[in-house]
Amino acid sequence: MDSSEFSTAVERIRNKLLLSHVVGQDVQLKKKGREFVGCCPFHNEKTGSFFVNDDKGTYYCFGCGAFGDIFEYVMKKRGLQFMQAVEMLADIAGIKLPEKREHGDGCSTQRKVLQKAAEFFKANLDDRSKRYCASRGIDQQIIEKFSIGFAPQNSDLLLDYLKESGFGLQDIIKSGLFLSSKNRQVCYFKNRLTFPIFDKKGWPIAFGGRSIQGSQTPKYLNSPETELFQKKETLYAYNIAVKNASKDLPFIIVEGYIDTVMMHKHGFNTAIASMGTAISAEHLLVIWKHSNEPIICLDGDQAGYNAMAKIAFLAMKYLQPGKSLRFCMIPEGNDPDSYINKYGRDEMQKRLEDSIYLVDFIWEYFLNQFNTLLHKTPEKIAEWKINTITCINEIQNIDIKKLYRSEIESKIYATLRSPKSPFSKKKNIVQNPVIDKKEKILLREATLLYILVVRPSVVSSVIEELTAVEFSNCSFRKLRDYVVNKSESADFLEREIQEEVAMAMTVASRSCDVSNMDDSEVLNFWKGIFEFGFSQKIHDMDILSAKKDCNDDMNDSTWNRLKALKIDSINRKKKPKIN
């Protein structure tokens, strides 16, 4: 791309985006004069020393010395290269970057070499390779769509063909098709089915090869990396799938070439695959440009599950509002290719529709670890809890991190309260058919706090009412005081309140479920409990206090307060009682 055009685009991004808005996705900022201040995202601190200045477009941390502009912030925080940071911010700003031009004549020539090689391989599909394709369900339509070919045993045939097509030996070698051995050039893909790997414009940039006989190893082979081909940035069939992917039609990420082509054969035209390597951060950023919730669908064995877990933990760091992953679980002993051939398109469609969300996949991963603990001692369970929560700390977006913590914390406490847990109590309030008055009070107090623990987003809306409640239980008083003092920054995983949180969860969770309510419903529910269980008691105490004030010092102020409270009492009695 032209350097002046690119510089202009970068400057437009810088002018359009406020640094405080970008940083505010990760850090809770407060206005201080002409600057914003918050806790530094690059080192741990309790007192904010991280300053953002929108006028200058820079940030500076007095604690660790971090300094830079909007691009340097994104690069450091997201672990990106400069061009990746520019592309990410351009998307946010809605600014189109100038098209990248060819790398140069050399790369253009290499593309032509690879194009000729693809034509050669396709023309060399012989009876044996065609029989293999037929045995795998690869028909002529799929062969044409993906330009599938065959590399013969004799390397000289391809080399001579490329030379006769007018290419020099150096350009042929740079294309990545051959390796040098004993002063001769040997093709990487001898006696293999070939799958051209295309860039988004449809030019071949590399090949994948698949052995068609059991004795040949490895089973899959890729071109070496070249100036055109980098595995961590390339996805097989992306040039086809990107035309079909959308918000409602997500990418389906599978493991191999044949998995991909068979998914396309059965109508899943957004299937893509990585190049025999794990999904990278670069892959995710490319995929999320066109698909908000791509589906990961790998092999149904332990290796496939482990690979999906790696992708899940990698994605945590880069989550943004609306950008996530889903996971399609294939039964043991199958891969997408074998499953769709065995059970058909409709069953695969059901599998994809039943894909679980990232938060559920992460939880199931840690729940499996919990269930396989041989000895569930307090020490081992404490270690499991720490490991589970630690992964959430990888999330950079503040809002998403809070919501994940709330979700995972509630699942942890529910697991530890399960009848199978060594820490669950044999008796609890829900199991007792008769609950005395003291237990009712305890349950109401626990419920007020439990709701705030599992839904911390409503804390700031109930601080005034919460402050007025006189908790009878000392543990609940301590937890209430903590919430009031911390307000929106309350962290229910802090060690100093762990016992109090656990007690509130244990007492209230079985009789209170707010998981399916939105914040407004939760808030109304909380205030309903407060009104029914505590409001009248607080009101009665206010009347006693007002009477005492009148006895001590009768004046217009104390008398008017008592009179207003008495009128309120009359109005309360007119309200219908709640059974």
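Here the structure is a predicted model, which is why all the values come from computation and not from measurement.
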Visitor: Under the side chain to side chain contact (heavy atoms under 4.5 Å, CB included) test against Val52, which residue among Thr58, Ile70, Leu19 passes?
Guide: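 So, applying the side chain to side chain contact (heavy atoms under 4.5 Å, CB included) to Val52 and each of Thr58, Ile70, Leu19, only Leu19 qualifies.
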
Visitor: Testing the basics here: between Arg477 and Ser472, what is the closest heavy-atom pair and its distance to 0.1 Å?
Guide: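 It is NH1-O, 3.3 Å.
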
Visitor: Please check: side-chain N/O of Thr372 versus main-chain N/O of Gln369, any donor-acceptor pairing under 3.5 Å?
Guide: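 Yes.
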
Visitor: Inspect the surroundings of NZ in Lys31 and state if more than 12 heavy atoms from other residues, nucleotides or ligands are less than 6.0 Å away.
Guide: yes

Visitor: Determine whether the side chains of Ser338 and Asp335 contain a donor N or O and an acceptor N or O closer than 3.5 Å.
Guide: yes

Visitor: About how many Å separate OG of Ser461 and CG of Asp519, when rounded to the nearest 0.5 Å?
Guide: 8.5 Å

Visitor: When you look at Arg480 and Glu445, which way does the side chain to side chain contact (heavy atoms under 4.5 Å, CB included) test go after all the steps?
Guide: CA-CA 10 Å; Arg480 186 277 308 276; Glu445 292 178 357; over 6 Å; no

Visitor: For Glu464, I'd like to know if atom CD has over 12 heavy atoms of other residues, nucleotides or ligands within 6.0 Å.
Guide: no

Visitor: Drop me the distance from Thr415's OG1 to Asn371's CG, to the nearest 0.5 angstrom.
Guide: 8.0 Å

Visitor: Answer yes or no: is there a side-chain heavy-atom contact under 4.5 Å between Phe268 and Val254?
Guide: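 No, too far: nothing below the 4.5 Å cut-off.
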
Visitor: Say whether, by atom type as modelled, one donor and one acceptor occur between the side chain of Ser406 and the main chain of Lys402 under 3.5 angstrom.
Guide: no

Visitor: Is there a side chain to side chain contact (heavy atoms under 4.5 Å, CB included) between Val462 and Ile451? Walk through the geometry before answering.
Guide: CA-CA 11 Å; Val462 299; Ile451 292 171; over 6 Å; no

Visitor: So which atom in Ala271 and which in Ala241 form the shortest heavy-atom distance, rounded to 0.1 Å?
Guide: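 In terms of heavy atoms, the two residues are closest at O-CB, 3.8 Å.
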
Visitor: Ignoring hydrogens and angles, tell me if any N or O in the side chain of Asp54 forms a donor-acceptor pair with the backbone of Leu18 under 3.5 Å.
Guide: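 Not at all, since once roles are kept as given, no pair shorter than 3.5 Å links the two residues.
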
Visitor: Give the minimum heavy-atom separation between Leu325 and Ala315, together with the two atoms involved.
Guide: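 Scanning both residues completely, I find the closest heavy atoms to be CD1-CB, 3.5 Å.
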
Visitor: Check this for me: does any side-chain nitrogen of one of Lys380 and Glu383 sit under 4.0 Å from a carboxylate oxygen of the other?
Guide: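 No, Lys380 and Glu383 are not salt-bridged.
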
Visitor: Grab the two heavy atoms, one from Ser49 and one from His43, that are nearest each other, plus how far apart they are.
Guide: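 The pair with the smallest heavy-atom distance is OG-CE1, 4.4 Å.
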
Visitor: Hey, can you tell me if Tyr60 and Phe62 have their rings parallel, tilted or perpendicular (30° and 60° cut-offs)?
Guide: perpendicular

Visitor: Please assess Leu235 against Ile287 for the test side chain to side chain contact (heavy atoms under 4.5 Å, CB included), listing each intermediate value before the final yes or no.
Guide: CA-CA 9 Å; Leu235 293 157; Ile287 290 167; 3.8 Å; yes

Visitor: With Met316, which of Asn393, Ile400, Ile395 fulfils side chain to side chain contact (heavy atoms under 4.5 Å, CB included)?
Guide: Ile395

Visitor: Verify, without hydrogens or angle tests, whether Lys310 (side chain) and Ala278 (backbone) share a donor-acceptor contact under 3.5 angstrom.
Guide: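 No.
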
Visitor: Side-chain contact test, heavy atoms from C-beta onward, threshold under 4.5 Å: evaluate it for Ile92 versus Val22 and give yes or no.
Guide: no

Visitor: Minimum heavy-atom separation for Glu293 and Tyr357, please, with both atom names.
Guide: OE1-CE2, 3.5 Å

Visitor: Would you say His264's side chain and Thr270's backbone share a donor-acceptor pair under 3.5 angstrom?
Guide: no

Visitor: Taking all non-hydrogen atoms of both residues, which atom of His283 and which atom of Lys231 are closest, and how far apart?
Guide: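 For His283 versus Lys231, the nearest heavy atoms are NE2-O, 3.0 Å.
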
Visitor: Test your reading of the model: is there a side-chain donor-acceptor pair from Asp337 to the backbone of Ile258, 3.5 Å cut-off?
Guide: no

Visitor: Can you tell me how far SG of Cys297 sits from CG of Asp259, rounded to the nearest 0.5 angstrom?
Guide: 8.0 Å

Visitor: Given side chain to side chain contact (heavy atoms under 4.5 Å, CB included), test Glu282 with Gln230 step by step and report yes or no.
Guide: CA-CA 11 Å; Glu282 288 83 355; Gln230 290 83 41; over 6 Å; no

Visitor: Taking the side chain as everything from C-beta on, heavy atoms only, tell me whether Gln84 gets closer than 4.5 Å to Arg78.
Guide: no

Visitor: With a 4.5 Å limit on heavy-atom distance, are the side chains of Tyr413 and Val454 in contact?
Guide: no

Visitor: When rounded to the nearest 0.5 angstrom, what distance separates CG in Leu449 from CG in Leu479?
Guide: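 Between Leu449 CG and Leu479 CG, I get 4.5 Å after rounding to 0.5 Å.
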
Visitor: Check for a donor-acceptor pair, side chain of Trp288 on one end and backbone N or O of Ser324 on the other, with a separation under 3.5 Å.
Guide: yes

Visitor: What orientation do Phe251 and His290 show, parallel under 30°, tilted 30 to 60°, or perpendicular over 60°?
Guide: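 Ring orientation, 0 to 90° scale: perpendicular.
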
Visitor: Under 3.5 Å, is there a donor-acceptor pair linking the side chains of Asp481 and Asn485?
Guide: no

Visitor: CD1/Ile408 to CD1/Ile392 distance, rounded to the nearest 0.5 angstrom?
Guide: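 Between Ile408 CD1 and Ile392 CD1, I get 5.0 Å after rounding to 0.5 Å.
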
Visitor: With a 4.0 Å cut-off on N to O distance, would you call Glu407 and Lys411 a salt bridge?
Guide: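 Answer for the salt bridge query: yes.
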
Visitor: Check the side chains of Asp26 and Tyr73 for a donor-acceptor pair under 3.5 angstrom, ignoring hydrogens and angles.
Guide: yes

Visitor: Tell me whether the centres of the aromatic rings in Phe42 and Phe67 are closer together than 6.0 Å.
Guide: no

Visitor: With a 4.5 Å cut-off on side-chain heavy atoms, are Glu45 and Cys64 touching?
Guide: no

Visitor: Should Trp384 and Ile412 count as side-chain neighbours, where that means a heavy-atom distance under 4.5 Å?
Guide: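 Side chain of Trp384 against side chain of Ile412, heavy atoms only: contact under 4.5 Å found.
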
Visitor: Please check: side-chain N/O of Arg326 versus main-chain N/O of Pro294, any donor-acceptor pairing under 3.5 Å?
Guide: no

Visitor: Side chains of Asn222 and Tyr257: donor-acceptor distance under 3.5 Å anywhere?
Guide: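 On atom types as modelled, these side chains qualify, holding a pair under 3.5 Å.
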
Visitor: Out of the candidates Phe71, Phe36, Phe50, only one should pair with Tyr59 under the ring-ring contact (aromatic ring centres under 6.0 Å, His included) rule; please name it.
Guide: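 Only match with Tyr59 under ring-ring contact (aromatic ring centres under 6.0 Å, His included): Phe50.
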
Visitor: Any non-hydrogen side-chain atom of Asn341 less than 4.5 Å from a side-chain atom of His266?
Guide: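 Asn341 reaches His266 side chain to side chain.
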
Visitor: For Ser475 and Glu499, test the side chains for any donor-to-acceptor distance below 3.5 angstrom and give the result as yes or no.
Guide: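 Looking only at side-chain atoms, Glu499 and Ser475 do not form any donor-acceptor pair under 3.5 Å.
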
Visitor: Atom CD of Glu347 and atom CD1 of Ile340: how far apart are they, to the nearest 0.5 Å?
Guide: 11.0 Å

Visitor: Are Phe471 and Asn473 side-chain neighbours, meaning at least one heavy-atom pair lies under 4.5 Å?
Guide: no

